[in-house]
2 protein chains.
Amino acid sequence: MPGNIQSIERAAAILRLLSGRNRRLGVVDLAGELNLPKGTVHGLLRTLQHVGFVEQDKDSGKYQLGAALLHMGSSYLDGNELRTRALNWSDSLAARTHEAVRIGTLHDSRVLVVHHVFRPDDSFQTLDVGSLLPAHATAMGKVLLADHPYAADELIGQGLEAFTDWTITAPDRLREELTLARERGWAWEVGELLAGQASMAAPIIDRTGRTVGAMGIVGKAERLLTTRKPRAELLSYVREAARAVSHELGAIPW
Amino acid sequence: MPGNIQSIERAAAILRLLSGRNRRLGVVDLAGELNLPKGTVHGLLRTLQHVGFVEQDKDSGKYQLGAALLHMGSSYLDGNELRTRALNWSDSLAARTHEAVRIGTLHDSRVLVVHHVFRPDDSFQTLDVGSLLPAHATAMGKVLLADHPYAADELIGQGLEAFTDWTITAPDRLREELTLARERGWAWEVGELLAGQASMAAPIIDRTGRTVGAMGIVGKAERLLTTRKPRAELLSYVREAARAVSHELGAIPW
DNA sequence: GCACGAGTTCGACAATGTCAAACGCGGTTC
DNA sequence: GAACCGCGTTTGACATTGTCGAACTCGTGC
C-alpha cells in the first residue's frame, strides 16, 4: 500500500481514461475527470507523448493513445505463458468444434481476451484479442469468477450491467451460477451478452491449482445448443482442450 | 525539451526494456541497464505493478509486462484512424491478390504493423499486428522512410542490420532505394528480411500530404515476382488500394 | 554454515513535480 | 471587427514527492 509513485499512478489513470469510451480527450476533459489542475495534466501528457504512450491530434489538440502501447501489448502476448501454451490446443479445438475459440484471463473483474481463433471457413470476423468482456455475461467470465470470489464480490459490488434481457443482473442468481460452474468445472451462457449468441467455457488451471484462465467457444446459439442445453460433444471438446492446457501448465498430472 | 517528468520517463524505459528481447527481467538487471539504484527501480516497479503495467512472476521474482498493456494496445487500434479507414480496402486487396496484406506506420524508425490480413485460404499464419519490422528491409519501410528523411538518417546512423545476404546495409544504396521509392510512389523488396519472401507497398497519404502509413502485400517471392520484377497486376492492386485509403483520409482528391 | 545474490524496506535529504495564475491562440458572437 | 470565450500551453515559487544508499530478509550454493 505505501509509497506508490503519484505521477505514475496519475499517468496510468490518464491512459485508462483514454482507452475508455472516448478515445480522444482534451486536457480539460482529463483534468475534470481526475480532479487535477490542467497544468498538471498537461505536464503528464507532455511526458507521455514524449515516450510515445499518447499522441496529440494536431488539428483538435486532443490527446489519444500512442503507438508504443500497441507494440507493448503484443510484447505482453509473447511473454504470456497462458497464451503460448494454449496456442496449439486452441487451433485444434476450433477445427473440431467448427466454432470460434477464445482464451481469456481475469483483469479488473473483466475477462481479458488473450487469444482468439476465428470460426473456420467463416470470414470477416473481428479479432478481439485485447478486448475486455464483462465477466458475468460470458462463459469464460463465470468460470474465472468461480475461483476468484473476491473479484466476483467486486463485480457484484459495482452492479451487474444488463446487455440483453437474459443478462444475469441479480447477485444471488449469479452466485448460484458460479457455484454451479465450480461444481461442474464448466460454464455456459445463452444470449446474455448478445442476443442469439451462446458460449461455453472451461477453466485453465496452473500448477498451484488456481484458475488462471478460461478457454471456450462462442457462436450462434442454434449451433451450440440442443434443447436448451449445451451440445454434449462440443462441451466435452472444450473441457478436454482446457484440461490439456492445464496439464501443460503443470497442473495436476491428469 | 524542458520539464519532462522523470519518474514517468524512467517507468517508460523499464517497460521498453521489458518489451525487448528478454521478456523477464529482475530488479538488478533493470537497475544495471538504466544505471539507477535498485531501490529506485523497485519503487517504480511497485507502482507499475499496482497499475497493471507489469506483473511479477512469484517464483522467480522477476518482472514482465502486465495485462493492462494488452487492452490499451487494442484500444489504440480502435482509435487509429489509419487502420480504421484501411480496414475495408485491406480485405479486398487480400482477396484480389491472394496474398497477405499489411498496413504499417513509422514508429521509432521501424515499421509498426497496425493491421494484418492473412493470405486467403492459407491457414496457420501468425498475426503480427503490433510487431516492429525493420524499415530498411521491408517494402513498407522504404515507402515510409522515403517521406521521412529524418527517420531515415536516424536509422542509418544506428547502423543497418543485415537479416539475409540481400539486406541493404550500405547507406548510399538505401538512399538510392528511397529516392526511387519517392519518385515511383511504391517500393519493393525481395529476400531482404527473410529468404524467399518478397513484399511490395505503396504510401498512404493524409490530407496534409504526408505519408502517414504504408500498405502492401507479403508473400513467397515466386508468387509476387516475374523475371525479377514485381508482377504488374499485383503492384497496381496495391497502389490502387493505398490510393483509395489516402483518398478516404482526405488526401488529394485523386 | 557462511557468503553471496536476489528482491525488498527504510528514512533523510533535496531534487522534483505540483499548482494556480497568466499567456496565446483559435474560434464564435454580437 | 472587437470583445469574448474556451482551449492547450507556459511559468515560477513552494513543499510535496520521489530518490538513493544502506540495511534487511530470504533462498542458494559453495
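In what follows, chains carry the letters A, B, and so on, assigned in the order in which the sequence lines appear, proteins first and then strands, with residues in each chain numbered from 1.
Results of the salt bridge (Lys or Arg N to Asp or Glu O under 4.0 Å) test with A:E177 over A:R182, A:K142, A:R184 single out A:K142 as the only residue that passes.
For the pair B:D153 and B:R175, the salt-bridge criterion is met [side-chain N within less than 4.0 Å of a carboxylate O]. The pair A:D78-B:R23 fails the salt-bridge criterion, with no side-chain N (NZ, NE, NH1 or NH2) lying under 4.0 Å from an Asp/Glu carboxylate O.
Dashed line: the shortest gap from a side-chain N or O of B:Y63 to OP1 or OP2 of C:dA6 is not under 4.0 Å. Contact check, B:H42 against C:dG7: no side-chain N or O comes under 4.0 Å of OP1 or OP2.
Within a 6.0 Å radius of NE2 in B:H50, no more than 12 heavy atoms belonging to other residues, nucleotides or ligands are found. Atom CD of B:E9 sits in a crowded spot, with more than 12 heavy atoms from other residues, nucleotides or ligands closer than 6.0 Å.
Between B:N4 atom CG and D:dG18 atom C1' there is a gap of 16 Å when expressed in whole angstrom units. Rounding to whole angstrom units, CG of residue A:L36 and P of D:dT9 are separated by 16 Å. Atom pair A:D57:CG and D:dT9:P shows a separation of 12 Å (rounding to whole Å applied). As rounded to whole Å, 14 Å separates atom C1' of C:dG26 from atom NZ of A:K58. Nucleotide C:dT9 holds its P atom 6 Å from the CZ atom of B:R46, rounded to whole Å. Rounded to a whole Å, the NE2 atom of B:H50 is 14 Å from the P atom of D:dG18. Atom P of nucleotide D:dT10 and atom CD1 of B:I5 are separated by 14 Å, given to the nearest angstrom. Note: CG (A:L45) to C1' (D:dT9) measures 12 Å, nearest angstrom.
Among all heavy-atom pairs drawn from A:V212 and A:I205, the shortest one is CG2-C, 4.4 Å.
Side-chain contact between B:E55 and A:Y76 is present, with at least one heavy-atom pair separated by less than 4.5 Å. Between A:F53 and B:L15, the closest side-chain pair of non-hydrogen atoms falls below 4.5 Å.
Mapping B:G39 and A:K62 onto DNA chain D by nearest heavy atom places A:K62 at the nucleotide closer to the 5' end.
Which of C:dT8, C:dC19, D:dG8 sits closest to the side chain of A:T40 comes down to C:dC19. Nearest to the side chain of A:V28, among D:dG8, C:dA6, D:dT19, sits D:dG8.
Pairs of residues two or more places apart, or lying in two chains, never qualify as side chain to side chain donor-acceptor pair (under 3.5 Å) while including a residue from residues 129-141 of chain A.
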Is there any protein nitrogen or oxygen under 3.5 Å from a nitrogen or oxygen in nucleotides 23-30 of chain D, and what are the pairs?
none

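For residues 6-13 of chain B, proximity to DNA chain D is found at B:Q6, B:S7, B:R10, defined as any non-hydrogen atom under 4.0 angstrom from a strand atom.
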